[in-house]
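To start, the structure under review is shown below, and the notes come after it.
Since we're looking at a predicted model, the values are computed, not measured.
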Amino acid sequence: MEMETPTVLGYINDQPRALRSTLENKDEFVVPFVETFKKHNIKRVLFFGSGTSYNASVIAAHYFKQIVGIDAAAHYPTVFKNYEKADWTNMLKKDEILFVGISQSGTSRSTVDVMKYAKENGYLTLALTENVESEITKYVDTVVHLLCGKELTPPETRGYTVTVLTLYLWAISIARLLGSYSERQYEEAMKDAEYLANNFETVIKESEDWYEKNKTTIVNSDRIYILGYGVDFGSALEGMLKVGEMLRSPTIGYEIEEFLHGPTMGLNGRQTIFLIGSDEPEFERMLLLRQTFKKYTPRVHVITCKPIEGDYRDLVFNTKVNKYIAPIMYTVPFQFVAAKGAKDIGIDTNINPFDEPLAHLPE
């Protein structure tokens, strides 16, 4: 029997299964990561990736600072290799710094290069990759399996949500190991992860229904702005990437407060603004800005799981989880804007029109 051609929408709809499978098999990727922390007195974690993997790295760095309580940062691999240092203070030992390279395919040129550089210079190195025999695995001390399965379409969707869940489980496990989380806090964090995975079909349905109600104005926007804050700045970056690569409309992501410093001068009624967030200090500020932006364009949408007074343009998920794991949920509406939006205007997302082998090494 001939296999059905894989599609981005197929991978989007497969996310509930993939997230549950990831939780069921969490020891496969949590145990080796925790062991690295047990063997070494790690004081700084540097996350590297490009595209979707970089966006997940931004969230990972937030996790490790806010949940674990240790120094962490996300870097573009090439920028780091050419212009940064692992420790500008020269006070940390090399085995106190962990380089984490995230590459679903394991072939991202820039990420492979920075991990090779780190290993050659004596730093601790770990790769998170779906392909455990890929190029990146040659240049790290520890290889950790990303349990998303191979995606055969250029845009990555299932890979992103599984990556963020992986990073969340890493963070809460290290927080428990180091005492930043009590056993009770760890169990509550795990319950939220299980609750989200078990209710992800609802997340998918609510996201698709919301898209159908709003698709006409969204796909006919002159420009799309996606704004986030706190942990959801990473969500804004991922939303920008997904919409930009599939819907192929001018799409820009900003930290919510930075958007006020210049871009607002160009606002008009044919532009769409998305605001993402939940239980962070900026939440009430975000709602105030929503009302202000509506003076200039009616196309303003809030994506949240916190109760708000809104209308059909807003997506308020019925699945209520903590702010750290909510980003897994918040990316789904942008996946539908990107994939269904592209389909609705006649773009085949299975084909990459930029057919140049610049970003990845041969598999």
Item to check | Derivation and outcome, salt bridge (Lys or Arg N to Asp or Glu O under 4.0 Å), residues E245 and R248 | outcome: CA-CA 5 Å; E245 68 182 335; R248 297 169 194 171; over 6 Å; no

Checklist entry - So, do Y225 and F274 have ring centers that fall under 6.0 Å from each other? => result no

Checklist entry - Are E201 and R20 ion-paired here, with the side-chain N under 4.0 Å from a carboxylate O? => result yes

Checklist entry - Any chance NZ of K306 has more than 12 other-residue heavy atoms, nucleotides or ligands included, within less than 6.0 Å? => result yes

Next on the checklist: To the nearest 0.5 Å, what is the distance between CD1 on I345 and CE on M246?
Outcome noted: 12.0 Å

Checklist entry - Would one find more than 12 heavy atoms of other residues, nucleotides or ligands at under 6.0 Å from atom NZ of K343? => result no

Checklist entry - Considering only heavy atoms from C-beta outward, does the side chain of V316 approach that of P307 to under 4.5 Å? => result no

Next on the checklist: Tell me whether K340 forms a cation-pi arrangement with Y211, defined as NZ or CZ under 6.0 Å from the six-membered ring centre and within 45 degrees of its axis.
Outcome noted: no

Next on the checklist: Quick check on the 6.0 Å ring-centre criterion: do F293 and F259 meet it?
Outcome noted: yes

Next on the checklist: Determine whether T272 and S221 satisfy the following criterion, side-chain hydrogen bond (donor to acceptor under 3.5 Å, both in side chains), listing intermediate values before the conclusion.
Outcome noted: CA-CA 6 Å; T272 294; S221 300; 2.6 Å; yes

Item to check | I59 reachable from Y324 in the ILVMFWY side-chain graph, under 4.5 Å edges | outcome: yes

Next on the checklist: Would you say that more than 12 heavy atoms from the other residues, nucleotides or ligands in this model lie under 6.0 Å from the NZ of K294, or not?
Outcome noted: yes

Next on the checklist: Tell me whether Y76 shares a hydrophobic cluster with M115, the cluster being built from Ile, Leu, Val, Met, Phe, Trp, Tyr side chains joined at under 4.5 Å.
Outcome noted: no

Checklist entry - Can you say whether the rings of Y123 and F99 are parallel (under 30°), tilted (30 to 60°) or perpendicular (over 60°)? => result tilted

Item to check | Residues, nucleotides or ligands: over 12 heavy atoms within 6.0 Å of Q291 CD | outcome: yes

Next on the checklist: Can a side-chain donor-acceptor contact be found between T319 and N199 if the only test is distance below 3.5 angstrom?
Outcome noted: no

Next on the checklist: Less than 6.0 angstrom separating the ring centers of Y181 and Y186, yes or no?
Outcome noted: no

Next on the checklist: With a 3.5 Å distance limit and no angle check, can you tell me whether D71 reaches the backbone of V45 through a side-chain donor-acceptor pair?
Outcome noted: no

Checklist entry - Between the main-chain N or O of Q271 and the side-chain N or O of T297, is there a donor-acceptor pair closer than 3.5 Å? => result yes

Next on the checklist: If you apply the rule ring pair (Phe, Tyr, Trp, His ring centres under 6.0 Å), what do you find for F64 with F47, and how did you get there?
Outcome noted: CA-CA 10 Å; F64 276 75; F47 293 94; 5.4 Å; yes

Checklist entry - Given T142 and T125, is the side chain to side chain contact (heavy atoms under 4.5 Å, CB included) satisfied, shown in steps? => result CA-CA 7 Å; T142 306; T125 52; over 6 Å; no

Item to check | Step-by-step side chain to side chain contact (heavy atoms under 4.5 Å, CB included) determination, I102 to L167 | outcome: CA-CA 10 Å; I102 304 174; L167 298 168; 4.1 Å; yes

Next on the checklist: If only side-chain N and O atoms count, and only distance matters, is there a donor-acceptor pair under 3.5 Å linking S278 with T304?
Outcome noted: no

Next on the checklist: Please evaluate residues I308 and F283 with respect to the criterion side chain to side chain contact (heavy atoms under 4.5 Å, CB included), reporting the C-alpha separation (whole Å), side-chain torsions for both, the decisive distance (0.1 Å), and the verdict.
Outcome noted: CA-CA 10 Å; I308 61 170; F283 185 75; 3.5 Å; yes

Item to check | Whether R285 side chain and E257 backbone form a donor-acceptor pair below 3.5 Å | outcome: no

Checklist entry - Name the one of T157, T52, T251, T331 that satisfies side-chain hydrogen bond (donor to acceptor under 3.5 Å, both in side chains) with K242? => result T52

Item to check | Hydrophobic cluster membership, F233 vs L275, 4.5 Å side-chain cutoff | outcome: no

Checklist entry - Is K323 paired with D279 through a side-chain N to carboxylate O contact shorter than 4.0 Å? => result no

Next on the checklist: Within this structure, what is the CG-CG distance for the pair L196 and N322, rounded to the nearest 0.5 Å?
Outcome noted: 9.5 Å

Next on the checklist: Just checking Y139 against Y117, ring centres under 6.0 Å apart?
Outcome noted: no

Checklist entry - Do any N or O atoms from the side chain of T292 and from the backbone of L288 form a donor-acceptor pair under 3.5 angstrom? => result yes

Item to check | Flag, side chain of N220 to backbone of T217, donor-acceptor distance under 3.5 Å | outcome: no

Checklist entry - NE2 of H301 to CD1 of I273: how many Å apart, nearest 0.5 Å? => result 9.5 Å

Item to check | Euclidean distance, T166 OG1 relative to L169 CG, rounded to 0.5 Å | outcome: 6.5 Å

Checklist outcome for this item: Between the CD1 atom in I67 and the CG atom in L178, the distance rounded to the nearest 0.5 Å is 12.5 Å

Checklist entry - Would you call E212 and K215 a salt bridge, using N to O less than 4.0 angstrom? => result yes

Checklist entry - R158 side chain to I12 main-chain N or O, any donor-acceptor pair under 3.5 Å? => result no

Item to check | D192 and K320: CA distance, side-chain angles, deciding distance, salt bridge (Lys or Arg N to Asp or Glu O under 4.0 Å) verdict | outcome: CA-CA 8 Å; D192 268 8; K320 311 300 183 188; over 6 Å; no

Next on the checklist: Donor-acceptor check, side chain of R176 to backbone of S173, threshold 3.5 angstrom: yes or no?
Outcome noted: no

Item to check | Pair R17-D14, salt bridge (Lys or Arg N to Asp or Glu O under 4.0 Å): steps then yes or no | outcome: CA-CA 6 Å; R17 178 209 59 79; D14 187 50; 2.8 Å; yes

Next on the checklist: Could you check whether atom OH of Y296 has more than 12 heavy atoms from other residues, nucleotides or ligands sitting under 6.0 Å from it?
Outcome noted: no

Checklist outcome for this item: In this structure, NZ of K26 is separated from CG of L147 (nearest 0.5 Å) by 12.0 Å

Checklist entry - For S134 and N131, what are the C-alpha separation, side-chain angles and deciding distance, and is it a side-chain hydrogen bond (donor to acceptor under 3.5 Å, both in side chains)? => result CA-CA 5 Å; S134 58; N131 184 351; 4.8 Å; no

Next on the checklist: So for atom NZ, which belongs to K85, do other residues, nucleotides or ligands contribute more than 12 heavy atoms lying within a distance under 6.0 Å?
Outcome noted: yes

Checklist entry - Within a reach of under 6.0 Å around CD of E183, are more than 12 heavy atoms found that belong to other residues, nucleotides or ligands? => result yes

Item to check | Distance-only side-chain donor-acceptor flag, Q15 / T161, under 3.5 Å | outcome: yes

Checklist entry - Are K213 and W210 in a cation-pi setup, meaning NZ or CZ lies under 6.0 angstrom from the ring centre and within 45 degrees of the ring axis? => result no

Next on the checklist: Closer than 4.0 angstrom, basic N to acidic O: yes or no for K94 and D87?
Outcome noted: no

Item to check | T7 side-chain N/O to G10 backbone N/O, donor-acceptor pair under 3.5 Å | outcome: yes

Item to check | Pairing of E35 and K38 as salt bridge, 4.0 angstrom limit | outcome: yes

Checklist entry - Is a donor on one side and an acceptor on the other found under 3.5 Å between the side chain of E280 and the backbone of V231? => result yes

Next on the checklist: Is it true that, when you exclude K191 itself, more than 12 heavy atoms of the residues, nucleotides or ligands shown sit nearer than 6.0 Å to its NZ?
Outcome noted: no

Next on the checklist: I'd like to know if the side chain of Q66 reaches the main chain of Y63, judged simply by a donor and an acceptor atom lying under 3.5 Å from each other, with no hydrogens or angles considered.
Outcome noted: no

Checklist entry - Do I70 and R44 pass the side chain to side chain contact (heavy atoms under 4.5 Å, CB included) test, and can you show the C-alpha distance, the side-chain angles, and the key distance before you say yes or no? => result CA-CA 6 Å; I70 67 172; R44 175 173 296 160; over 6 Å; no

Item to check | Sub-6.0 Å ring centroid separation between F29 and F33 | outcome: no

